[in-house]
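Read through the structure below, which is laid out as structure tokens, and then see the notes.
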Number of protein chains: 2
Amino acid sequence: MTKQRPLRQNPVSLATVASAAGVSMATVSRIVNGETRRASAETVERVQKVVAALGYRPNHIGRTLRRRESRIVAMLSPNLDNPAMAAIADSVETALRSAGYVMILCDTHDRADLQDEYLHAMRSQVVQGYVVVNAVRSEGLSEAVSRGDPVVFVGRRNPDGGGSFVGIDNRGAGADAADHLWARGIRDLALIHPSQGSSATRDRVEGFVTRLTELGCPRPSIRSAAAPGLRHLEAGYAAVRALVEGEAGRQDWPAGLFCPSDLMAYGAYRFAQENGIRIPQDCRFVGVDDNALNAWIAPWLTSVHIPYVAFGEKVVDQLKNLWAGEGPSEDLLPHELIVRQA
Amino acid sequence: MTKQRPLRQNPVSLATVASAAGVSMATVSRIVNGETRRASAETVERVQKVVAALGYRPNHIGRTLRRRESRIVAMLSPNLDNPAMAAIADSVETALRSAGYVMILCDTHDRADLQDEYLHAMRSQVVQGYVVVNAVRSEGLSEAVSRGDPVVFVGRRNPDGGGSFVGIDNRGAGADAADHLWARGIRDLALIHPSQGSSATRDRVEGFVTRLTELGCPRPSIRSAAAPGLRHLEAGYAAVRALVEGEAGRQDWPAGLFCPSDLMAYGAYRFAQENGIRIPQDCRFVGVDDNALNAWIAPWLTSVHIPYVAFGEKVVDQLKNLWAGEGPSEDLLPHELIVRQA
DNA sequence: CATGTTTTGGCAAACGTTTGCCTAAACCGT
DNA sequence: ACGGTTTAGGCAAACGTTTGCCAAAACATG
């Protein structure tokens with residue numbers, strides 16, 4: 001590989017400004033940082049003029065090294081191609097930037113080793129905190145938490161327990177789905193789920209099943225499929241196929257199907273279409289996430305809306321709490337079942 | 001706001017290792033960086049043992065300050081909630097990380113002022129390069145380019161002209177859409193587009209219209225709608241509504257509709273559904289992007305596939321070229337029209 | 001005028017690395 | 001034994017900030 005030339009730096013530093021203004025670096029530094037009462041009004045004005053004239057901008061690296069704090073927060077997320085993850089990233093980025101931080105986005109591909117690698121790399125960057133979406137258990141994560149590094153868990157709780165958390169009541173979401181189908185008089189139910197489900201997915205399934213039991217509904221058929229990575233689409237397709245075709249399957253379509261994520265529902269939908277099953281007339285689908293596109297191209301999908309847009313603000317609140325030395329806390333945001341096609 | 005406590009740093013630095021191993025910092029530094037022939041075999045081994053035992057990890061801030069180069073690349077993207085943008089971010093992130101870089105993701109919300117702010121902030125972070133997706137013209141951008149900072153434009157070319165570029169042949173994509181509809185014998189055509197379109201969108205429209213003219217096809221009806229931000233969904237809905245309902249509209253549905261983005265097609269689809277128009281039987285839609293979800297829940301949409309997954313690698317190649325001091329170049333990736341529902 | 005207090009601002013030491021240069025010692029060939 | 005080269009490794013100066021401490025001057029108070 002070719003040798004990398006260093007990027008041309010901003011040639012104007014504190015020293016440049018200082019000598020141009022005829023004061024010391026210390027004075028310039030203080031004025032740049034708004035410490036105006038450590039200098040006379042004229043000095044302040046003169047320095048500010050020089051700063052503007054030379055276009056001086058403080059070098060964050062130098063500042064970070066000295067202050068031992070950056071304005072960077074690292075966000076670790078599995079696969080960005082999942083729309084729900086993108087929505088979270090979007091929201092967190094917006095909230096961080098309006099709080100004056102920038103976000104480094106790391107795609108862990110749901111792998112523990114990559115998660116650890118990024119945690120280490122980010123620590124070397126002296127980031128101020130970590131936002132970990134759907135964390136997996138890993139050594140580095142445990143270390144970071146026990147070291148007291150500010151980390152906020154999103155979507156999935158800390159696998160080791162404890163810690164700050166922003167998410168929804170997944171069991172409640174599952175229960176709402178059950179209530180909805182029950183209220184529609186649908187009794188022949190099924191559910192599919194990824195076999196390596198996260199705790200979030202498991203909770204949704206559990207909430208669904210538990211609620212059905214409470215209602216006295218016949219136990220639903222259950223089918224899972226491997227979801228390598230987060231390929232919920234393929235998993236949904238495979239699972240529903242196994243459900244209605246498999247040797248141990250039911251050989252017919254249920255009247256209602258619960259999918260713990262919209263992506264799985266999309267996968268199931270494709271299989272239904274291929275087999276002439278009409279959705280929602282023949283089989284009513286309920287998903288979770290309420291993907292933004294549903295309203296436009298998938299109104300047949302009833303889904304539990306998750307207020308991802310509100311996640312960012314909560315995450316930043318939690319980070320601020322941690323920075324202030326307060327203990328971790330949990331934020332459960334309200335979910336709501338959305339029905340589009342009656 | 002509460003005072004922010006500095007994050008606890010890694011307490012083991014070069015100095016720690018050096019004194020523990022009984023050598024100088026210089027030696028440790030060299031060994032850590034693989035400069036093994038500047039020390040005897042025993043020394044190397046001893047130092048490596050100490051490094052492992054103490055869990056030493058070089059502080060990137062110190063390194064960056066000294067070397068004047070980081071391993072960070074900034075990616076500026078308008079709204080991450082657009083699936084196409086998310087796909088690009090995903091791809092670039094993956095390619096960067098396998099090249100040993102980390103990516104800072106900045107959401108510019110398509111605003112010139114935010115773009116400039118991020119460009120400045122990233123410069124202060126001593127990033128090694130910029131990847132700007134769908135750049136808007138801005139002062140800071142022009143400065144960065146003319147300063148010689150490595151910047152790769154993605155999707156939309158440098159508004160000032162010149163510079164490295166990764167994208168597709170948008171005119172060709174539009175032409176392919178025209179060819180497809182023409183070959184199907186469809187002559188009554190229409191197209192919608194966002195009124196504040198990017199150059200990419202404009203090129204697609206232009207390619208479509210030009211090709212139709214070449215084919216001798218009657219001129220298509222054209223309708224645009226404002227797309228505040230990148231809300232192509234709403235814009236598609238509004239534009240197609242104006243197309244078939246507006247006082248100056250055509251009062252009926254065309255047989256074929258070209259949308260320069262899948263999102264616009266989704267918007268149009270919703271309006272069609274609300275009006276009992278069957279897609280693709282009554283009106284054939286052609287979009288651009290080939291959103292990953294199309295195969296699953298929108299097979300009615302014929303779309304020009306853009307190989308976003310391949311963008312990342314190309315972007316990194318371009319960056320490496322720039323770092324090597326070579327001039328800027330362009331990468332046009334192949335697009336392909338995908339028909340799912342005959 | 002003496003004394004105390006505020007204002008204004010400079011000095012210099014960090015923060016954690018990297019690297020040009022220097023110096024011994026070891027080695028080599030004659 | 002001697003000059004020359006290689007080897008092994010240390011010194012210290014950067015990189016750009018921030019900030020504790022000090023000091024002179026200005027000001028206030030008696």
Side-chain angles (χ1 to χ4, degrees), chain A residues 3-4 6-48 50-51 54-71 123-126 128, chain B residues 3-4 6-48 50-51 54-71 123-126 128:
Chain A
K3 180 78 174 66
Q4 177 173 334
L7 195 73
R8 182 161 18 178
Q9 283 283 120
N10 190 342
V12 32
S13 73
L14 263 194
T16 326
V17 177
S19 76
V23 293
S24 74
M25 281 167 37
T27 302
V28 180
S29 172
R30 287 194 272 253
I31 290 174
V32 165
N33 290 325
E35 187 110 1
T36 48
R37 47 188 165 173
R38 291 286 307 252
S40 70
E42 316 123 75
T43 309
V44 169
E45 200 197 0
R46 180 160 38 101
V47 168
Q48 282 170 340
V50 174
V51 163
L54 268 53
Y56 168 73
R57 298 222 160 216
N59 178 316
H60 284 170
I61 298 297
R63 173 177 295 178
T64 297
L65 184 58
R66 166 64 213 224
R67 281 208 185 141
R68 320 191 68 160
E69 69 180 48
S70 64
R71 295 294 276 184
R123 183 161 198 232
S124 302
Q125 294 287 354
V126 196
Q128 287 313 99
Chain B
K3 179 81 173 66
Q4 177 172 332
L7 194 72
R8 182 163 18 178
Q9 283 282 118
N10 190 342
V12 31
S13 72
L14 264 193
T16 327
V17 176
S19 77
V23 295
S24 75
M25 279 167 40
T27 302
V28 180
S29 172
R30 287 195 271 252
I31 290 175
V32 165
N33 289 326
E35 188 112 0
T36 48
R37 47 188 167 174
R38 291 286 306 252
S40 69
E42 315 124 74
T43 309
V44 170
E45 200 197 1
R46 181 159 40 100
V47 168
Q48 281 171 342
V50 175
V51 164
L54 267 53
Y56 167 73
R57 297 224 161 214
N59 178 317
H60 283 171
I61 298 298
R63 172 176 297 177
T64 297
L65 185 57
R66 167 63 214 226
R67 280 208 185 143
R68 320 193 71 166
E69 69 179 48
S70 64
R71 294 296 277 184
R123 184 162 198 232
S124 303
Q125 295 287 353
V126 196
Q128 288 313 102

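Below, chain A is the first sequence line, B the second, and so on; all start at residue 1. The model shown is predicted, which means the values in this text are computed figures rather than measured ones.
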Q) Nearest 0.5 Å, what's the CZ-OG distance between B/R57 and B/S13? A)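 Between atom CZ of B/R57 and atom OG of B/S13 there are 15.5 Å.
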Q) Roughly how far apart are B/R67 CZ and B/H60 NE2, rounded to 0.5 Å? A)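 Rounded to the nearest 0.5 Å, the CZ-NE2 separation comes out at 9.0 Å.
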Q: Note the angle between the end axes of the helix from C/dC1-D/dG30 to C/dT30-D/dA1, five pairs defining each, rounded to 10 degrees.
A: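 Between the first-five-pair axis and the last-five-pair axis there is 40°.
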Q) Where is the tightest heavy-atom contact between B/I31 and B/T43, given as atom of each residue plus distance? A)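 Nearest heavy atoms, B/I31 then B/T43: CD1-O, 4.2 Å.
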Please report the distance, rounded to the nearest Å, between [atom1] in [X] and [atom2] in [N].
X: A/R37; N: C/dT5; atom1: CZ; atom2: P; result: 20 Å
X: A/E35; N: C/dG10; atom1: CD; atom2: P; result: 15 Å
X: B/R38; N: D/dT6; atom1: CZ; atom2: P; result: 14 Å

Side-chain donor or acceptor of [X] paired with backbone N/O of [Y] under 3.5 Å:
X: B/R46; Y: B/A21; value: yes
X: B/R63; Y: B/P58; value: no
X: B/Q128; Y: B/R71; value: no

**Q.** Partners meeting side-chain contact (heavy atoms from CB on, under 4.5 Å) with B/I61 (sequence neighbours left out)
**A.**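 Residues passing side-chain contact (heavy atoms from CB on, under 4.5 Å) with B/I61: A/I61, A/T64, A/L65, A/Q125, A/V126, B/N59.
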(Q) Mind checking if B/T43 touches a base, just sugar-phosphate, or nothing, with heavy atoms under 4.0 Å? (A)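 Sugar-phosphate only.
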Q. Does OP1 or OP2 of D/dC11 have a side-chain N or O of B/S24 closer than 4.0 Å?
A.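 Looking at the OP1 and OP2 atoms of D/dC11, neither is under 4.0 Å from any side-chain N or O of B/S24.
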Q. Between B/T27 and D/dG9, does any side-chain N or O lie under 4.0 Å from OP1 or OP2?
A.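 Answer is no, no contact under 4.0 Å.
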Q. How far apart are the C-alpha atoms of A/V50 and A/Y56, what are their side-chain angles, what is the distance that settles it, and do they pass the side chain to side chain contact (heavy atoms under 4.5 Å, CB included) test?
A. CA-CA 8 Å; A/V50 174; A/Y56 168 73; over 6 Å; no
Between protein and nucleotides 14-18 of chain D, what N or O pairs are separated by less than 3.5 Å?
residue, atom, partner, partner atom, Å
D/dA14, N3, B/R66, NH1, 3.3
D/dC15, O2, B/R66, N, 3.2
D/dG16, OP1, B/R68, NH2, 2.6
D/dG16, N2, A/G62, O, 3.2
D/dT17, OP1, A/Y56, OH, 2.9
D/dT17, OP1, A/N59, N, 2.9
D/dT17, OP2, A/L14, N, 2.7
D/dT17, O5', A/Y56, OH, 3.2
D/dT18, OP1, A/N33, ND2, 3.3
D/dT18, OP1, A/R63, NE, 2.6
D/dT18, OP1, A/R63, NH2, 3.1
D/dT18, OP2, A/S29, OG, 2.7
D/dT18, OP2, A/N33, ND2, 3.3
D/dT18, O2, A/R66, NE, 3.3
D/dT18, O2, A/R66, NH1, 2.3

